[in-house]
Amino acid sequence: MSPPKAPTARPQLDPDEILAALNPPQQEAVRHVDGPLLILAGAGSGKTRVLAHRVAHLVASGVPPYQIVAVTFTNKAAGEMRDRIAGLIGAQATREATIGTFHAICARILRREGERTGLTRNFTIYDRADQLAVIKESLRRLDLDDKRFAPAALLVFIGQRKDELADPATAMRQATGFWEETGARVYEAYQRQLAESDAVDFDDLLLRVVLLFEQHPDVLARYQRRWTYLLVDEYQDTNRAQYRLCRLLAAVHHNLAVVGDDDQSIYSWRGADLRNILDFERDWPDATVVKLEQNYRSTQTILDAAHAIVSRLAGRKDKRLWTDRGAGAAVSIFDAYNEYEEAEFVARQVERLASSADRRRGWAGLLTRRADDAPAADAADGASGPLRFGDIAVAYRVNAQSRVLEEAFMRFGIPYQLVGGVRFYERREVKDALAYARLARNPADRVALERVINVPARGIGDKTVSELRAWADGRDATLWAAVEAATENANLATRSRAALAGFAELIRGLVTVAAGEPASSVLEACLERSGLRAALEDGSEEGEERWANLVELRNHAAEFDEVAAPEGLARFLEEVALVSDQDTLEERPDRVTLITLHAAKGLEFPIVFMVGLEEGLLPYARALDDERELEEERRLTYVGMTRAKDRLFLVHARHRSAWGSGGVEVEPSRFLADLPEDLLEVGGGRRGPSGLGWVRDGGTDDGSGTTPTVWGRIRPGLEPLRPERLPDLDLGSGTFGRTIPVASGEAATEATGEAAAAEATPPELAWRAGDKVRHRRFGDGIVVTSQWVSGDEEVTVAFAGHGVRRLVGSYAGLERIDGR
DNA sequence: TTACGGAGTGCTGAG
DNA sequence: CACTCCGTAA
């Protein structure tokens with residue numbers, strides 16, 4: 001996303017050549033030049049390819065590259081798009097096009113035009129943690145109780161208002177009830193504080209550009225002239241602000257091409273509005289619609305299974321994916337006793353799949369379980385080479401599920417990489433260092449200032465900071481102004497004044513460095529002068545590790561050194577603020593990828609394990625009482641399944657522990673029951689009547705010999721994970737778990753000495769999963785599970801807005817609000 | 001002002 | 001279990 005350069009001479013491209021390698025619908029999408037275009041692109045239908053070829057075709061047809069803007073969902077996707085386009089039209093011409101995420105493009109626009117809206121070009125982008133700090137400060141200023149008005153809930157409230165393009169006044173007008181009125185007041189205070197800090201949050205990046213365009217038609221007209229061809233990827237995940245942005249930019253020329261798949265819409269919780277794609281044809285009556293239904297990624301079996309999940313959605317755009325790759329292997333279901341066995345199963349399968357024997361013979365043999373079908377050869381992308389760890393991904397609903405998997409992989413010595421989780425930029429020392437860097441550019445950044453004013457400790461305690469706040473509040477000044485004026489502040493102790501003078505001097509020095517030195521030098525100065533380095537180098541192993549992180553941070557900053565000061569630092573901070581989890585994913589051929597289902601969107605792997613297919617996890621507990629949310633869980637399941645190219649494993653456990661407590665019994669996901677039996681092979685678990693209509697009797701291997709199934713047998717010489725939690729694995733005759741001593745309808749019992757005691761407890765539980773209840777404090781919720789714990793019933797309830805709570809039955813005073 | 005330990009509490013998802 | 005918050009002692 002370098003600044004546009006004057007168009008340069010470029011090699012002549014032949015439009016027909018660009019079309020050559022595409023199928024007919026793809027060609028239609030690429031050949032379409034003027035007017036609105038909706039590309040309904042199913043998973044794996046080659047949409048990135050179509051987008052890239054479309055850009056190339058536009059250029060070949062005479063559109064100057066700088067008039068093209070392509071919007072992607074992540075920076076990583078932008079990079080891939082850029083590479084692909086460069087492969088077609090050359091790097092030189094590609095550099096002239098604008099390719100990036102909505103957020104990055106808007107940040108760039110605001111950097112250039114923001115002064116009309118009261119921002120300086122030094123503005124800071126606040127992340128979620130910063131936002132929470134601002135909300136807490138706003139609550140303090142309004143003298144509100146953060147118990148009654150939970151910062152996280154307010155953040156959601158404010159975010160929703162912004163997604164709808166509602167300002168604080170509008171939010172106040174539309175407020176229903178006291179809580180929302182208060183929310184609107186907090187919203188107003190929050191915005192005021194952002195303005196004081198010369199900062200914007202993620203939503204503001206979009207919102208402010210929309211407002212800028214709406215209030216300054218001249219600016220809008222300039223961008224309309226500049227960008228005459230718009231391409232938007234992942235259109236199903238756009239929110240109202242992004243939608244409005246598209247409409248504004250395309251209002252004159254109508255050259256808006258969007259690509260999306262309503263089946264893959266999984267971000268409604270952050271404002272994505274499915275109507276944007278469903279109503280595209282109504283918004284643009286002259287729209288051309290192209291459906292891409294040929295899939296180049298998965299086997300037909302995987303596609304059929306995935307279709308069974310998604311075909312039950314109401315009001316979806318009708319489409320069905322097909323492939324000419326052949327049926328391929330059955331989808332494998334594994335029924336584990338608990339999450340430890342689940343993880344062990346995955347690890348063992350990974351080990352087996354990547355074993356040297358399989359590697360030598362290639363792994364085509366693994367893909368031909370259904371004998372009537374031709375081998376699922378895929379010469380096109382070379383998938384038939386030796387299988388590597390990097391060909392395997394394990395996907396799960398929530399990050400917390402990764403831990404048990406990591407433990408199992410470590411045990412088995414399987415290399416893995418984790419996407420998401422504790423992110424690099426969220427580590428404390430990294431945030432501290434970045435706070436200094438932010439202050440070096442923008443000392444008004446109050447969140448950064450409060451973060452590091454006493455880090456490392458320099459004798460500026462809470463009392464001193466409170467006095468500074470009072471000084472600033474009384475004068476309507478920034479906290480930084482209060483720091484600078486501290487030497488004249490009689491309310492401060494002499495010692496505090498001295499400490500503050502030192503701190504002010506430190507920041508002023510950093511500001512000077514930031515004005516003229518490259519980004520890495522600024523980082524260097526931040527680390528050294530602040531004392532961060534000295535504080536970390538205390539000889540401890542932890543300190544050493546943290547220091548290593550800061551060195552990495554500085555090295556990353558050095559990548560921006562070629563950009564002249566002060567822009568280099570600005571670019572660095574902007575990129576750091578806008579990186580996504582997916583952006584941090586490296587293509588490591590030697591590592592298994594552990595990833596959330598959300599982050600896995602847009603990726604593909606030859607082999608995918610989806611774990612935790614259980615009621616309460618997928619679908620997630622909080623979605624159980626809401627049909628729309630359930631549909632989103634369904635789409636999320638679909639997204640996960642369609643990541644798999646050749647082999648898909650769906651794994652669920654019968655018992656799962658939640659935050660430290662022992663395992664409770666869980667039901668298999670309803671989505672499993674939607675899968676056609678003839679596409680599946682089932683392993684693990686108890687045989688026979690199990691309440692699962694789809695469980696097949698008999699063993700797990702069909703005897704064809706092409707799938708060397710070893711399920712149900714613990715590997716000799718390897719102790720089971722957490723043996724105390726597992727039933728007698730190695731006594732099971734070919735299958736796991738025999739019969740587990742759990743009375744029907746009753747709570748889970750560990751397969752330990754506790755079992756006997758638990759079995760003696762009275763079995764009548766007042767509550768069961770799915771019951772709708774009301775609690776006097778938490779409001780309405782849904783029972784996730786209920787079990788006997790030391791003589792009382794422990795009810796776990798998911799409350800709307802209050803999270804999942806465990807309550808003691810006899811005290812909770814739960815009220816049944818409907819149903820049984 | 002800081003360091004420590006115990007208590008309390010929370011797990012969607014993410015730019 | 002893993003984090004943050006809070007009170008207390010140094």
Side-chain angles (χ1 to χ4, degrees), chain A residues 71-78 100-107 125-132 146-147 150 152 155-156 159 162-163 200-206 234 237-239 241-242 265-272 395-404 407 419-423 425-426 428 454-465 493 495-496 499 574-584 595-601 612 616-624 629 632-633 635-636 639-640 656-662 784 796 798-799 802-806:
Chain A
V71 186
T72 58
F73 197 67
T74 63
N75 294 305
K76 184 165 180 279
T101 64
F102 271 110
H103 290 89
I105 292 172
C106 286
I125 300 169
Y126 275 3
D127 68 11
R128 194 189 139 87
D130 299 323
Q131 289 178 284
L132 282 171
D146 66 0
K147 298 278 188 297
L155 194 59
V156 171
K162 288 188 174 184
D163 286 337
V200 299
D201 62 25
F202 289 128
D203 298 321
D204 281 341
L205 288 172
L206 310 170
E234 307 284 11
D237 284 324
T238 51
N239 64 24
Q242 291 162 332
S265 167
I266 54 173
Y267 282 103
S268 71
W269 48 272
R270 67 176 211 214
Y396 38 81
R397 177 67 235 263
V398 299
N399 279 309
Q401 286 172 262
S402 71
R403 227 193 72 240
V404 183
E407 281 172 13
V419 180
V422 186
R423 299 166 60 188
Y425 292 107
E426 281 168 13
R428 192 179 41 184
N454 199 32
V455 176
R458 52 173 71 88
I460 305 173
D462 286 346
K463 242 188 124 157
T464 307
V465 175
R495 212 170 49 155
S496 301
E574 185 175 300
E575 179 174 301
V576 162
L578 296 177
V579 282
S580 68
D581 278 348
Q582 256 200 39
D583 298 333
T584 65
I595 192 168
T596 62
L597 289 166
H598 281 90
K601 194 182 74 162
L617 207 44
L618 189 65
Y620 199 73
R622 293 168 87 135
L624 292 177
E629 287 186 51
E632 184 144 314
E633 300 290 311
R635 293 191 294 264
L636 190 56
V639 167
R656 188 170 294 272
S657 43
W659 52 116
S661 75
V784 178
T796 306
F799 289 103
H802 291 275
V804 177
R805 304 266 174 175
R806 273 188 300 164

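Throughout, protein chains are lettered first and strands after them, A, B, ... in sequence-line order, and every chain is numbered starting at 1.
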Margin query: Between A:Asp201 and A:Ile125 (side chain of the first, backbone of the second, donor and acceptor by atom type, cut-off under 3.5 Å), is there such a pair?
Written below: no
Next item on the list: Applying side-chain contact (heavy atoms from CB on, under 4.5 Å), run through A:Glu426 and A:Arg128 and close with a yes or a no.
Entry: CA-CA 10 Å; A:Glu426 281 168 13; A:Arg128 194 189 139 87; over 6 Å; no
Notebook entry, point to check: Which of parallel (below 30°), tilted (30 to 60°) and perpendicular (above 60°) describes A:Phe73 and A:Tyr267?
Noted result: tilted
Next item on the list: Please say which of A:Gln242, A:Arg270, A:Lys601 ends up in a side-chain hydrogen bond (donor to acceptor under 3.5 Å, both in side chains) with A:Asp237.
Entry: A:Lys601
Describe the nucleic acid contact of [X] in one word from base, sugar-phosphate, nothing, applying a heavy-atom distance below 4.0 Å.
X: A:Ala400; value: base
X: A:Ala599; value: sugar-phosphate
X: A:Ser268; value: nothing
X: A:Tyr267; value: sugar-phosphate

Euclidean distance, atom [atom1] of residue [X] to atom [atom2] of [N] [Å, nearest integer]:
X: A:Tyr396; N: B:dC11; atom1: OH; atom2: P; value: 17 Å
X: A:Leu618; N: B:dC11; atom1: CG; atom2: C1'; value: 15 Å
X: A:Arg428; N: C:dA2; atom1: CZ; atom2: C1'; value: 14 Å
X: A:Glu234; N: B:dA14; atom1: CD; atom2: C1'; value: 14 Å
X: A:Lys162; N: B:dG15; atom1: NZ; atom2: P; value: 18 Å
X: A:Arg270; N: B:dA14; atom1: CZ; atom2: P; value: 9 Å
X: A:Lys601; N: B:dG13; atom1: NZ; atom2: P; value: 16 Å
X: A:Asn75; N: B:dG15; atom1: CG; atom2: P; value: 9 Å

Minimum-distance nucleotide (side-chain atoms of [X] versus [options]):
X: A:Ser580; options: B:dG15, B:dT1, B:dG13; result: B:dG15
X: A:Arg622; options: B:dC11, B:dT1, B:dG13; result: B:dC11
X: A:Phe202; options: B:dG15, B:dA14, B:dT1; result: B:dG15
X: A:Arg403; options: B:dT1, B:dA14, C:dC1; result: C:dC1
X: A:Asn454; options: B:dA14, B:dT1, B:dT2; result: B:dT2

Next item on the list: Between A:Asp462 and A:Arg128, just flag the one whose closest nucleotide in DNA chain B comes earlier from the 5' side.
Entry: A:Asp462
Checklist line | Most 5' of A:Val398 and A:Gly459 on DNA chain B, judged by nearest nucleotide | finding: A:Gly459
At under 4.0 Å, does any side-chain N or O of [X] touch on OP1 or OP2 of [N]?
X: A:Thr74; N: B:dG15; value: no
X: A:Asn399; N: B:dC11; value: no
X: A:Asn239; N: B:dG15; value: no

Item checked: Side-chain-base donor-acceptor pair under 3.5 Å for A:Asp127 and B:dG15 -> no
Checklist line | Euclidean distance, A:Asp127 CG relative to A:Leu578 CG, rounded to 0.5 Å | finding: 10.5 Å
Next item on the list: Could you check A:Asp583 against A:Ser580 for side chain to side chain donor-acceptor pair (under 3.5 Å), going step by step and ending with a plain yes or no?
Entry: CA-CA 5 Å; A:Asp583 298 333; A:Ser580 68; 2.8 Å; yes
Note to self: Please give the distance between the C1' atoms of C:dC6 and B:dC11 as a whole number of Å.
What the structure shows: 23 Å
